[in-house]
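Values in this document were obtained by computation on a predicted structure and should not be read as measured data. Per chain, numbering begins at 1; letters A, B, ... match sequence-line order.
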Amino acid sequence: MYYTMKTKKEIKKKEKKPKKEAKAKHMKKKFDNFFLDFEKRWQAEWREKGIFKAVPKGKKFYCLEMFPYPSGKIHMGHVRNYTIGDAIARFKRMQGFSVLYPMGFDAFGLPAENAAIARGLKPDEWTEKNVIEMIENLRALGLSYDWDRKIVTYEPDYYKWEQLFFLRFLKAGLAYKEKSSVNYCKKCDTVLANEQVLNDKCWRCGTQVEEKDLEQWFFRTTKYSDELINGLEKLDWPERVKIMQRNWIGKSFGSEIVFPVKDSDLLIKVFTTRIDTLFGCTFIALSPELNIVAELTTQDREKEVRAYLAKIVKKTMKEREEKGKTGCFIGSYAINPVNGKEVPIFIAEYVLPEYGTGAIMCVPSHDARDYDFAKKHELEIIKVIKPVKEENVEVFVDDGILIESGKFSGMTSEKARIEITKFLEKSKKALFIVNYKLKDWLLSRQRYWGCPIPIIYCKKCGMVPVPEKELPVLLPPSDSVEFGKGNPLLTNREWLFVRCPQCNSEATRETDTMDTFVDSSWYFLRYCSAKEHSNPFNSEIDFWMPVDFYIGGIEHATGHLIYSRFFTKALSNTGFINKKLREPFSRLVCQGMVLSKGEVMSKSKGNVVAPDEIIEKYGADALRLYHSSVSLPESELEWNDKGMEGSFNFLLRFHRLLTKTKSDKSIKEIDIYITNELQLLIKKFTENVEALKLSIALSDLFSFIDKFSAYRKYISENVAKNISDTLILLLTPFIPHLCEELWHMNHKTFASLEKWPVAKNYDKDVAEDLGRIEKLSEDVGKILNITGKKASKIYIYCVPSDFDFYKKFIDLIAELLHAEIFVYSVTSKGKYDPQGKAGKTKLGKPAIYIE
RNA sequence: GCGGGAGUGCCGGAGUGGCCAAACGGGCGUGGCUCAAGACCACGUGGCUUAGUGCCUACAUAGGUUCGAUCCCUAUCUCCCGCACCA
């Protein structure tokens, strides 16, 4: 009978009985609340003693998390965000910084109002209930906030300042009202800012937005377009956020060119970044929305133009963008100022009314869109740019060398852009211009649950600002308005009708309220002086600002994080805060999402893991540890029940190691070694936390604990105590409750307020010596494991230069290996290696023989 | 289409020129512990090999730079994210 060769392992596997069950027998006992008990106790203790109060003194550190919308219970995303923030706040506090670490609630907003309509609740009651519940949730996590600085944005004490800012911005020309085409969400029954429209849909409910011509309030964010771009350079922010903001602001350098219209006094201005292609311009395209379209339309084309416009009106912006390149000749011709060429004027759906001048010069030879349009409408295509290298493309859109361009032929595109503009500038036909995609911030909302805009409309005086001393304009009580019938503020006549502050005649209030993003654009400033009642800010702001560490989700990259930067600049310019304070957040970190089963946790996907349930089962420390040890803050975090249990088991192990183990017999060399290793741990751990590599810091610490645990019985009590204390302190930012509990057993103080451990010198030689001995015992262990022997005598054959080393540590080795040790120099190997088996080794490693 | 990022073991995820067959955690396997138990401890977990060891093949794929690459460069493929007719 033939048989196939099997590896040792396979044979071994087969021989073994198929046992199991032993493990499965462990019945899950009910959690006995050991951890929960002291977690609650310490939370109460911290609160009673007020140990996390922020006091402006010495070196400061402002640690901030994006405050939550009070939707009810906190979710895993919050836990992740705040666990990281709290670890940093605690770490800095222990390093001796005065730390401002506040929390508040972004309490105004549509969901509260919609809940009111849907469930027959009042927005204020609903919100208040949620705030209370969330505070409880946050407390149960053991976060070290200074709750005295809590902000809730629906409180008049908060929003009255917002109204004051609005009035001053209005005076400074930073706020204005204007009629324009705006995005309107039917479902939310309000207009939306540009930033709140995603792919033509409402960011909140996903409804297709409509365009409406309405009179709306705006903040002049575009005033700071340049500063918003340039300021990014100095900020310690994730590069991707900076890129998103740069793209959003969309600065581009180009030229504005004037095209006179043939047989007319009218002029058409176009914006282009490619004036170098001007000689290739074969038509002009206007946005159908432009006013001059009517004037430029000739009689013979009127019918077609009307028909075309009627067709366009029916399309949404999105459809226009997707469908492509329809257009219509309107009869007039424009004159190219550089060569006098007459070119036809079209209206075309792909020309955006709001960017540049709403009119473009079209060069089908060097622009893909113009090319498509020209093909469709059979227009002339003239090549005026030659590629530097031969290239075989239909439409060459890159820079190259000019041809067929009069005296500019032969120039590079780059040079020609300057020269052509300069040339036309002389006759006032062109100028250099910078264009931005950023638009002003539409801040008014036609809803109830927001900060009222402090304006009054008088029949005689027109628009009148509410006098500052009459602020705040309070939101009328929620039971005095009607919901679900348009803007609820219109339904309360008592609130709506007022006297004009100037002439006392009949007047009405502005019924629009402010976008909730206004509330979140300055809350970080208010934390600095949350208890100040006579002014929005006091001198503490100069101490705490700017925020040193800001953590939150990436979704705010082009919304909140631009608005806040705008607001800081505007407040600085209107004198509310220091002139020099131009940027609110020095360092920004965007934490990754929390995933479950490969997808973002969300109710609709049904993969939500509720933090409060986890806390009930394992305690807050275990949950916090899981969040900080499983992946780096900026990466995504995959939820894993087993991993969660692993974090919990670590707490058990750590607790046991520090409270239940004792030494049998102390060995001096081990004491020295482990103390030395501790120094390395402190150094690396501190560096890693500083660099926000929390999971790496913790994995180093876990390794150290394994080692500490392995040697524990040889470590003298006073050394072990020192190590334990250090470990407790290092872990305090991560698992504060357990650390506080363990610390309390031997000290009267709070671990949370102790000094962060400082590393002493690390001795490499000490580590190397012990490392060699560890390697030796590892080898011995392997041999014993395989042979099943018990070591009674161990022979070590080493090179002559190592002889002294092993001789020196012979007692330690004997102790660790529980055997009699014999050390021989390898020169006499043959003589002392009776079995001839111990000689197979490489330089530097001793040969071992075990009896 | 443009811009950004990433591809490492059964899984999550470190490492970013040699100390790496690869931290730490999870899973799995083998053995120990048989009342400190909600567990714990030891060893193993690419292939072959040895009483400890050594060798080979690996860090998406294909090339290149280098004495030497998971790490640098080039191309390709895949995935994720942001913007999207911005003139």
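Nucleotides B/U49 and B/A39 place their P atoms 38 Å apart, quoted to the nearest Å. Taking atom C1' on both nucleotides, B/U16 is separated from B/C10 by 25 Å, rounded to a whole Å. Across B/A23 and B/G13, the matching P atoms stand 16 Å from one another, rounded to whole Å.
Here the P atom of nucleotide B/C83 and the CZ atom of A/R240 are 12 Å apart, to the nearest Å.
Base-pair partner of B/C67: B/G18 (Watson-Crick or G-U wobble, both distances under 3.5 Å). Pairing for B/U78 is with B/A6, a Watson-Crick or G-U wobble pair whose two hydrogen-bonding atom distances lie under 3.5 Å. Pair assignment for B/C43 gives B/G29, based on Watson-Crick or G-U wobble hydrogen-bonding distances that are each under 3.5 Å.
Between A/K242 and B/G4, a side-chain N or O to OP1/OP2 separation shorter than 4.0 Å is absent. In this structure, A/N640 does not reach the B/C11 phosphate: none of its side-chain N or O atoms is under 4.0 Å from OP1 or OP2. Contact check, A/S252 against B/A87: a side-chain N or O comes under 4.0 Å of OP1 or OP2. For the pair A/Y355 and B/A87, the criterion of a side-chain N or O lying under 4.0 Å from OP1 or OP2 is met.
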- Tell me, with the steps shown, if A/F346 and A/F373 meet ring-ring contact (aromatic ring centres under 6.0 Å, His included). CA-CA 10 Å; A/F346 282 75; A/F373 192 89; 5.4 Å; yes
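The pair A/E687-A/K683 meets the salt-bridge criterion, since a charged nitrogen lies less than 4.0 angstrom from a carboxylate oxygen.
Side-chain contact annotation: A/T222 with A/D440, donor-acceptor N/O pair under 3.5 Å present. Side-chain contact of A/Y626 with A/T83: a donor-acceptor pair under 3.5 Å is absent, judged by distance alone.
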